[in-house]
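Here's the structure, in structure tokens; my notes come after.
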2 protein chains.
Amino acid sequence: MRADARRNRQSVLDAAYDILAVEGLGVPIDEIARRAGVGAGTVYRHFPTKESLIEAVVLDRLEALTAKARSGIDFAEFFTVMVEAGLANRAIAEVLASAGYHIPADADAALNAAFAELLQAAQRRGDVRLDVTPDDIQALVIGCVATARHRGATDLVQIVVAGLRA
Amino acid sequence: MRADARRNRQSVLDAAYDILAVEGLGVPIDEIARRAGVGAGTVYRHFPTKESLIEAVVLDRLEALTAKARSGIDFAEFFTVMVEAGLANRAIAEVLASAGYHIPADADAALNAAFAELLQAAQRRGDVRLDVTPDDIQALVIGCVATARHRGATDLVQIVVAGLRA
DNA sequence: GGTTAAACGGGGCGACCGTTCCGATTATAG
DNA sequence: CTATAATCGGAACGGTCGCCCCGTTTAACC
């Protein structure tokens with residue numbers, strides 16, 4: 001791979017990450033290209049479709065979340081981390097809410113597995129009601145992101161966490 | 001107003017209500033027109049912009065909700081009613097989440113006022129924590145709709161309601 | 001039934017966006 | 001330095017959608 005090609009590819013990824021976080025999935029490719037200082041054609045040479053570019057960006061974030069989940073973090077804390085991740089990055093939130101795009105099953109599964117472990121540990125310790133599943137929690141995270149977006153305060157998350165207690 | 005004009009206006013409103021509930025705000029005007037059995041031009045004669053048509057439809061729903069809030073309903077029940085309204089009607093949910101559109105301030109205010117009364121009564125009775133405001137609840141409703149859309153179950157609402165208890 | 005003005009409908013315009021194409025450019029090897 | 005092939009950039013295409021226009025229809029009143 002030629003040096004300029006590799007450099008451009010990275011510029012596109014960086015620009016896409018920044019803009020997607022702020023503008024969400026609706027942002028035009030041309031805007032990402034302009035921000036990256038390349039032409040739209042260059043974006044499409046490296047990523048065959050808009051969806052594949054978004055996938056590459058989002059995947060990176062999901063992996064970071066998975067790593068965090070495996071770092072011995074507390075369940076309630078991690079819940080907050082996930083909500084904050086969705087808040088800081090519109091694209092993440094929209095993809096999680098599957099507003100048109102979908103993520104590769106294996107990346108999703110890895111996050112879910114790490115997450116399920118945290119949840120089960122919390123339930124074994126008696127901190128969380130037994131009748132909630134990982135899917136329930138994912139839905140609640142999506143909901144909390146939507147909630148928090150419309151009120152600056154993230155302390156509403158505490159209400160949901162309180163409701164989760166055994 | 002001519003009889004056919006009044007009839008067509010109503011057809012458009014009915015069609016818009018049905019389609020918006022299922023498809024959400026992204027639905028093209030032509031589709032609403034087709035469903036109503038009229039041309040797109042006719043839609044625009046009665047509603048100058050797409051937004052004004054949506055506003056008319058959503059307003060009607062908000063008024064129904066306001067009436068329900070004033071019918072002596074219990075706070076927790078009404079919370080569920082609002083979530084279900086958002087769930088049954090994509091357009092309502094998207095407007096509430098202000099995905100691009102906004103509702104006239106007075107209709108919003110009427111609903112909020114009726115709603116604030118319910119909340120205060122519940123707080124006086126000691127059923128709901130004192131540190132939540134009507135705005136908090138509205139945000140939570142939006143979140144619950146987002147949550148419930150991604151899991152068939154509305155019983156997740158119970159978790160949030162449990163968290164709201166004093 | 002005739003007259004008239006309101007209402008109709010669907011083709012068309014302009015804007016936007018994802019994607020493709022191709023002539024110009026430039027990194028790299030010999 | 002030159003040749004060459006990979007890469008670039010941005011104009012252009014096709015599709016979609018909100019909105020407008022205007023020739024045609026039709027309700028309403030005499």
Side-chain angles (χ1 to χ4, degrees), chain A residues 1-59 90-91 94-95 98-104, chain B residues 1-59 90-91 94-95 98-104:
Chain A
M1 177 130 95
R2 254 168 61 169
D4 57 345
R6 187 163 42 246
R7 223 181 318 123
N8 278 331
R9 188 190 148 88
Q10 193 57 48
S11 297
V12 169
L13 271 175
D14 291 347
Y17 179 85
D18 289 346
I19 301 190
L20 283 172
V22 176
E23 308 277 345
L25 301 178
V27 69
I29 287 286
D30 297 42
E31 201 172 323
I32 295 177
R34 194 159 39 75
R35 173 90 151 236
V38 303
T42 302
V43 174
Y44 278 94
R45 177 172 334 281
H46 294 295
F47 304 94
T49 66
K50 182 182 179 181
E51 187 166 353
S52 74
L53 169 58
I54 289 172
E55 192 180 291
V57 171
V58 169
L59 224 69
R90 263 185 77 169
E94 286 167 15
V95 168
S98 52
Y101 290 81
H102 65 303
I103 45 188
Chain B
M1 178 129 92
R2 250 166 64 167
D4 55 346
R6 187 163 42 247
R7 225 181 315 122
N8 279 332
R9 189 190 148 89
Q10 194 58 47
S11 296
V12 169
L13 272 175
D14 292 346
Y17 178 84
D18 289 346
I19 302 190
L20 283 171
V22 176
E23 308 277 346
L25 300 178
V27 70
I29 287 286
D30 296 41
E31 200 171 326
I32 295 176
R34 197 158 38 76
R35 173 91 150 234
V38 303
T42 301
V43 174
Y44 278 94
R45 164 141 338 98
H46 293 296
F47 304 96
T49 65
K50 182 182 179 181
E51 186 166 355
S52 74
L53 169 58
I54 289 172
E55 193 179 291
V57 170
V58 169
L59 224 70
R90 263 186 77 168
E94 285 166 18
V95 167
S98 50
Y101 290 81
H102 65 302
I103 45 187

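Here the structure is a predicted model, which means the values were calculated and not measured.
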Side chain to side chain, Val27(A) and Val22(A), heavy atoms closer than 4.5 Å: no
message: Under 4.0 Å, heavy atom to any atom of DNA chain D: which of residues 29-48 of chain A qualify?
response: Gly37(A), Val38(A), Gly39(A), Ala40(A), Gly41(A), Thr42(A), Arg45(A), His46(A)
Separation of dA6(C) P from Arg6(B) CZ (nearest whole Å): 16 Å
message: Set out, in order, the CA-CA distance, both residues' side-chain angles and the distance that settles side chain to side chain contact (heavy atoms under 4.5 Å, CB included) for Arg90(A) and Leu20(A), then state yes or no.
response: CA-CA 7 Å; Arg90(A) 263 185 77 169; Leu20(A) 283 172; over 6 Å; no
field: Whole-Å distance separating the CG atom of Asp4(B) from the P atom of dA5(C)
entry: 17 Å
Between P of dG18(C) and NZ of Lys50(A), the distance in whole Å: 4 Å
task: Hey, could you give me the CZ/CE distance between Arg7(B) and Met1(B), rounded to the nearest 0.5 Å?
output: 11.5 Å
Pairs where residues 19-36 of chain B contributes a residue and the test salt bridge (Lys or Arg N to Asp or Glu O under 4.0 Å) is met, not counting sequence neighbours: none
message: Here's a test of your reading of the structure: between Arg2(A) and Val27(A), which maps to the more 5' nucleotide of DNA chain C?
response: Val27(A)
- request: Measure the shortest side-chain to side-chain distance between Arg45(B) and Arg9(B) over non-hydrogen atoms and say whether it is less than 4.5 angstrom.
  value: no
query: From the 5' end of DNA chain D to its 3' end, which nucleotides mark the outer limits of contact with chain A, defined by a 4.0 Å heavy-atom distance cut-off (strictly under)?
result: dA6(D) to dG10(D)
- prompt: Any side-chain heavy atom of Ile29(B) sitting closer than 4.5 Å to one from Leu53(B)?
  reply: yes
- request: Kindly compute the distance separating CG (Leu25(B)) from NZ (Lys50(B)), expressed to the nearest 0.5 Å.
  value: 7.0 Å
field: Heavy-atom check, side chain of Ile54(A) versus side chain of Phe47(A), under 4.5 Å
entry: no
